[in-house]
Amino acid sequence: MTGPPIVKGTAAWKYFGDFRAGLLAGQVLVLQVAHPVVAAGVRDHSDYVEDPWTRLMRTAASLSIYIYGGPEGARYEANRLRALHRSFTGVDDGRRYSALNPHAYAWVHATLVMVPVDTQRFYGTPMTPSEVDEYYAQMCDVGRLLGLREQDLPPTWPEFERYYADMIDGFGPNETISTLFETIRTVKKPWRWLPDKRWVRLQRWQHRGQMFVIRATLPPALRDRLGLQWTARDQRRFDRFRRVVRLFGGLVPVTLRSSLVRRIGRLNVWFRAHPRAYRFLGG
């Protein structure tokens, strides 16, 4: 399946950078590290425990490039990511693993493919079937740029949904998910100038909020296997919350909902073309 270029007006252009997708950041991390190979790679090679804020910003910058950075920017970022992950190898339970394991690599891409669809389902207006088909075809093109094999990409959206559900059915608790939840609880303040006393309260609020949204948006079967409780009262609270997000998000024109991420993408492409400026700013 080949989609149209990601240009203004197409499905990926409209939906991928929607600012409301940030509400799914925790859910996506859980889904990614639920895969045992991804979990081992994150455990051995990621700095998200010590500096999750920087890690989150780097991830957002990378995504912005290969969606909104144009064909050349996407190819550059794809090559950079593959070169970076090539060194992420190790041993887990006596078995060697690689971050470029095709099935694990495809799963990480699959979780990112699902984000805009879930964002609209939870917090916006669900995409139409034709929009989903166009969006999925575009994300298959992005996957091929990232080095995914043709057989790792289900050819149609319904087949992708079945693949996604089958993968989640095989996941359960692991050490990296537990570490992720602990990191959310104990995360350090994002800015040094923020007073410690102020951060103690904010940290408690962000932990409760993050875990609430994670519990709300994880597939119910996986949520149960992870031992995360969810009640009818929780569901009513989440329904009220997402109605508010949908209301205020709907006031923002479609073209502006992804404007920040689009600008970040173009800025990062400019930095790649001007490495001295990038190094000067601490890149």
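- For E131 (side chain) and T128 (main-chain N/O), a donor-acceptor pair under 3.5 Å exists by modelled atom type.
- Side-chain contact check for W230 and Q235: at least one donor-acceptor pair (N or O, by modelled atom type) lies under 3.5 Å.
- Panel note: side chain H109, backbone V142; no donor-acceptor pair is recorded below 3.5 Å.
- Note on D152 versus R149: salt bridge recorded, some NZ/NE/NH1/NH2 to OD/OE distance being below 4.0 Å.
- Heavy atoms only, all atoms of each residue included: A39 and N174 are closest at CB-ND2, 3.9 Å.
- A donor-acceptor pair under 3.5 Å links the side-chain atoms of Y68 to the main chain of G17, judged by distance alone.
- R262 places no side-chain N or O within 3.5 Å of a backbone atom of W13 that could act as its donor or acceptor partner.
- Using modelled atom types and a 3.5 Å distance limit, the side chains of T125 and Q120 yield no donor-acceptor pair.
- Annotation: cation-pi pair R237/F212 present, NZ/CZ under 6.0 Å from the ring centroid and within 45° of its normal.
- A pairwise comparison of heavy atoms in P173 and R225 identifies CG-O, 3.3 Å as the closest pair.
- Taking the side chain as every heavy atom from C-beta outward, Q206 and W199 approach each other to under 4.5 Å.
- Taking hydrophobic clusters as Ile, Leu, Val, Met, Phe, Trp and Tyr residues chained together by side-chain heavy-atom distances below 4.5 Å, Y163 shares a cluster with L218.
- Without hydrogens or angle criteria, R242 side chain to Y123 main chain gives no donor-acceptor distance under 3.5 Å.
- Nearest heavy atoms, W107 versus L31: NE1-O, 2.9 Å.
- Side chain of D141 to main chain of G3: a donor-acceptor pair is present (N/O by atom type, distance under 3.5 Å, no hydrogens or angles).
- No donor-acceptor distance shorter than 3.5 angstrom exists from the side chain of Q210 to the backbone of I184, with no hydrogens or angles considered.
- Scanning all heavy atoms of the two residues, the minimum distance from S258 to K14 falls at OG-O, 4.0 Å.
- Here the two rings, on Y135 and Y15, have centers that are 6.0 Å apart or farther.
- Side-chain atoms of T156 and E159 form a donor-acceptor pair, as typed in the model, at a separation below 3.5 Å.
- T231 and D234 form a side-chain donor-acceptor contact under 3.5 Å, judged by distance and modelled atom types alone.
- In this structure the side chain of Y136 reaches within 4.5 angstrom of the side chain of V113, judged on heavy atoms.
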